[in-house]
Amino acid sequence: MSAPDRDPTPGSIPGQTLPDPGSDAKAESAFLLSAYTRLLAAVTQHSSTLPVLPTTTTLTQTLSSLPTPPFNLPTSNQEEALTHLLDSILPSLNQQSLSSYYYGFVTGSSLPIAQFADNLVTALDQNVQVHFPLSPSSSSSSPSPWNHTSATYIESTTLSMLLSLLSLPPSDFPAKTFTTGATASNILGLACGREYIITSRLPPQSSHITVAKAGLIKACIAAGVQDIKILTSAPHSSLLKAAKILGLGQESVVDVGQQNDGKPWRVDLDKLEYALQEAEKNRTACIIAISCGEVNTGRFATGVFDMPKIRSLADRYKAWVHVDGAFGIFARALPKTDEFLSLHACVAGMELADSIGADGHKLLNVPYDNGIFLSRHPSTLTQVFSNPGAAYLAPSSSSSTTNSPSQDEILSPLNIGLENSRRFRALPVYAVLKSEGRDGMAAMFSRMVLLARKIASFVHHSEHYELLPETDNYVEEDVFIIVLFRAKNEALNEVLVDRINQMGKMFVSGTQWQGKKAVRIAVSTWRVQVERDAKYVEGVLKEVAESFADA
């Protein structure tokens, strides 16, 4: 019996021996091993000894160590550069990923397995933009099959795993890709929406015209469209930015929130329907943008019965529904227990959207920059983002196969996103989902919510602070991961953010609510320990208020 065929050593040619990598490879390995060992030791030391933010002294020392004009760029060496990075640069960076008490913006940390996966990507410098289908095991035309990389397969699998985590039917969202973040995802969503709402209005004789080919002005003229509006509630600034980039203009964004009810983050369905009716009369096409997690309050634009109504209106008026789910969409992965039912109601029906954007570098706790885009409409996505006229970026015919239908469903990322070149962003997400699983992710998200609720409860009952947005009608189950509040003492409120951050014990964001300064705490790190961290934050807030009163 003959021995089974075995794959040759990767990169080898039958009958030939690969050259010895020699001393250069050994030196490279030794340097990287030493460098990462020193980095881990330094990070561990700094995380336990330094405040959340760098001190002015540390920052000044770092700035003084930087090169100065005329930047002659003298030759150094790797060891000297490494020492400079560890001794001069590292201490001046904030402890965002290392501290449990960085509550600014909505900033996740990096789970250890995500850090490792990201380092793996960097080590191999994987670019995933062209999908090469799996080579057939044997064929007359290709006796020596070759394969390029597993990266695009892993990326597609990772996105399907994310859809499963979020209880979004994978078959309903065949168009999916990674982006730099929710801002880029919002650009993709509005760009697809712009394409869809124009082409859906074209007469049969002009059906060959697209925005992508003819341009916005020509396509609008052919479709009889005089204007485009984006209907939303309490939009994130990235939505306005996307509107400007796409030629729709900042003024195209129209707020249809419940302003009169004190819940501006909620979509007013009557206002929305009226706006769509008026748009139809005025030959205006509309995109509906849903804020799934408003940035100041963390509240949601919709309730349990709203999305079916919005979907019905969108279908009636040929509108596109895009969900900005940067962090809020992950509420769908919380346990379906009584304490989280209110949040599940707020994210119900998101599967009815035409497109969804999300941030991985927020609640998923993978490294920056990592965003996700999902859409029901692959043809629209490729129509807008296909990369024309670059034959060298197409996979060769010798590497294609029709043996596996699932492979044909994977689109080259350069044809469904902004970049022609992009790092393998999927791997840290894949590693986190593989490591933590559905239960682990749900537990991590739960800890974030429970800590935010404990902080909110403390603020609500505090003699020094008032909880926002509902000062009087506080409902604990409405709190997701953001706590918005202000000091009752107006003088303290004017300096409250600075007072908190100057202590160096934790970091918060400053914002405004109803024209007044406010403080915003966003809980989004995997390092959360609910009881410990709640006690810590309460202590800091008490100390700030009491020291100001004594001054």
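None of the values given here were measured: they were computed from a predicted structure.
Side-chain contact between Trp513 and Arg486 is present, with at least one heavy-atom pair separated by less than 4.5 Å. Residues Leu276 and Tyr274 fail the side-chain proximity criterion, which asks for heavy atoms closer than 4.5 Å. Looking at Ile198 and Ile228, their side chains come closer than 4.5 Å, going by heavy atoms from C-beta outward. Considering only heavy atoms from C-beta on, Val254 stays 4.5 Å or farther from Ile230 through its side chain. Taking 4.5 Å as the limit, some side-chain heavy atom of Ile521 sits within range of a side-chain heavy atom of Met506. Within the 4.5 Å cutoff, side-chain heavy atoms of Ile329 are placed close to those of Met350. Taking 4.5 Å as the limit, some side-chain heavy atom of Leu414 sits within range of a side-chain heavy atom of Leu393. Residues Leu381 and Phe373 are in side-chain contact: their nearest non-hydrogen atoms beyond the backbone lie under 4.5 Å apart.
Scanning all heavy atoms of the two residues, the minimum distance from Ala348 to Met307 falls at O-CG, 3.5 Å. The shortest heavy-atom contact between Leu216 and Gly247 is CD2-O, 3.9 Å. Here the closest non-hydrogen pair linking Phe300 and Phe480 is CZ-CD2, 3.8 Å. Contact detail for Thr525 and Ser109: the closest heavy-atom pair is OG1-OG, 2.6 Å. Closest heavy-atom contact between Phe445 and Leu363: CE2-O, 3.3 Å. Between Ile187 and Ala242, the closest heavy-atom pair is CG1-CB, 3.7 Å.
Although no hydrogens or angles enter the test, the distance criterion places no donor-acceptor pair under 3.5 Å between the side chain of Thr511 and the main chain of Arg520. Remark: the backbone N or O of Leu246 is paired with a side-chain donor or acceptor of Arg194 at under 3.5 angstrom. Here the side chain of Glu195 pairs a donor or acceptor atom with the backbone of Val211 at under 3.5 angstrom. Looking only at distances, a side-chain donor or acceptor of Asp306 sits under 3.5 Å from a matching main-chain atom of Gly303. When atom types are taken as modelled, the side chain of Ser291 and the backbone of Gly293 share no donor-acceptor pair closer than 3.5 angstrom. In terms of modelled atom types and a separation under 3.5 Å, the side chain of Arg201 and the main chain of Ala223 share no donor-acceptor contact. No donor-acceptor distance shorter than 3.5 angstrom exists from the side chain of Asn365 to the backbone of Leu111, with no hydrogens or angles considered. Side-chain N or O atoms of Trp320 include none that pairs as donor or acceptor with a backbone N or O of Tyr196 at under 3.5 Å. With Lys318 contributing its side chain and Ala285 its backbone, the two residues share no donor-acceptor pair below 3.5 Å. Checked by atom type and distance alone, the side chain of Asp118 never pairs as donor or acceptor with a backbone atom of Ala114 at under 3.5 Å.
Heavy atoms from other residues, nucleotides or ligands lying under 6.0 Å from CZ of Phe385 number more than 12. Heavy-atom neighbours of Phe116 CZ from other residues, nucleotides or ligands within 6.0 Å: at or below the threshold of 12. Atom CG of Asp338 has 12 or fewer neighbouring heavy atoms from other residues, nucleotides or ligands inside a 6.0 Å radius. A 6.0 Å sphere centred on CD of Glu251 holds no more than 12 heavy atoms belonging to other residues, nucleotides or ligands.
Of the inter-residue distances, the one linking Leu468 atom CG with Gln514 atom CD reads 7.5 Å to the nearest 0.5 angstrom. Going from atom CG of Leu341 over to atom CG of Leu334 covers 10.5 Å, rounded to the nearest 0.5 Å. From Leu364, atom CG reaches atom OG of Ser524 across 11.5 Å, with rounding to the nearest 0.5 Å. Atom CZ of Arg299 is separated from atom CG of Leu343 by 9.5 Å, given to the nearest 0.5 angstrom. If you take NZ on Lys336 and OG on Ser167, they are separated by 4.0 Å, rounding to the nearest 0.5 Å. Ser386 contributes atom OG, which lies 11.0 Å from atom CG of Leu411 (distance to the nearest 0.5 angstrom).
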*Start with the C-alpha distance between Glu278 and Thr284, add both sets of side-chain angles, then the distance that settles side-chain contact (heavy atoms from CB on, under 4.5 Å), and finish with yes or no.*
CA-CA 8 Å; Glu278 290 300 299; Thr284 296; over 6 Å; no
*Might you work through the side-chain hydrogen bond (donor to acceptor under 3.5 Å, both in side chains) test for Ser164 and Arg438, ending with a clear yes or no?*
CA-CA 9 Å; Ser164 177; Arg438 187 183 304 276; 2.8 Å; yes
*Residue pair Glu155, Lys176: steps toward the salt bridge (charged side-chain N to carboxylate O under 4.0 Å, His left out) verdict*: CA-CA 9 Å; Glu155 181 161 299; Lys176 48 191 183 292; over 6 Å; no
*Evaluation steps, side-chain contact (heavy atoms from CB on, under 4.5 Å), between Leu418 and Leu188*: CA-CA 8 Å; Leu418 293 171; Leu188 265 64; 3.6 Å; yes
*Tell me, with the steps shown, if Leu120 and Phe424 meet side-chain contact (heavy atoms from CB on, under 4.5 Å).*
CA-CA 10 Å; Leu120 192 160; Phe424 185 16; over 6 Å; no
*Please walk me through it: do Ile372 and Phe178 pass side-chain contact (heavy atoms from CB on, under 4.5 Å)?*
CA-CA 5 Å; Ile372 300 126; Phe178 280 93; 3.9 Å; yes
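In the model, Thr180 has no side-chain atom that pairs as donor or acceptor with a side-chain atom of Arg422 under 3.5 Å. With no hydrogens or angles considered, a side-chain donor-acceptor pair links Asn420 and Asn387 at under 3.5 Å. Donor-acceptor pairing under 3.5 Å is lacking for the side chains of Thr199 and Thr210. Judged purely by distance below 3.5 Å, without hydrogens or angles, the side chains of Asp533 and Tyr101 pair a donor atom with an acceptor atom. The closest side-chain donor-acceptor pair between Ser375 and Ser355, if any, does not fall under 3.5 angstrom. For the residue pair Arg423 / Thr122, a side-chain donor-acceptor distance below 3.5 Å is found, with atom types taken as modelled. Using modelled atom types and a 3.5 Å distance limit, the side chains of Ser238 and Asn186 yield a donor-acceptor pair. Between the side chains of Asp369 and His361, no donor-acceptor pair of N or O atoms lies under 3.5 Å. Side-chain atoms of His131 and Ser412 form no donor-acceptor pair, as typed in the model, at a separation below 3.5 Å. Donor-acceptor pairing under 3.5 Å is recorded for the side chains of Thr149 and Gln126.
Comment: Asp227 engages Lys229 in a salt bridge, judged by a side-chain N to carboxylate O separation of less than 4.0 angstrom. Salt bridge annotation for Glu351-Arg332: present, with a cationic side-chain nitrogen under 4.0 angstrom from a carboxylate oxygen. Taking the charged nitrogens against the carboxylate oxygens, Arg453 and Glu339 have no contact shorter than 4.0 Å, which rules out a salt bridge. Ionic pairing of Arg311 and Asp354 is present here: one or more N-O contacts between side-chain nitrogen and carboxylate oxygen are shorter than 4.0 angstrom.
Remark: Arg376 is positioned above the aromatic ring of Phe173, its terminal NZ or CZ atom under 6.0 angstrom from the ring centre and at most 45 degrees off the axis.
For the side chain to side chain contact (heavy atoms under 4.5 Å, CB included) criterion with Ile290, the lone passing option out of Leu231, Thr232, Thr302 is Thr302.
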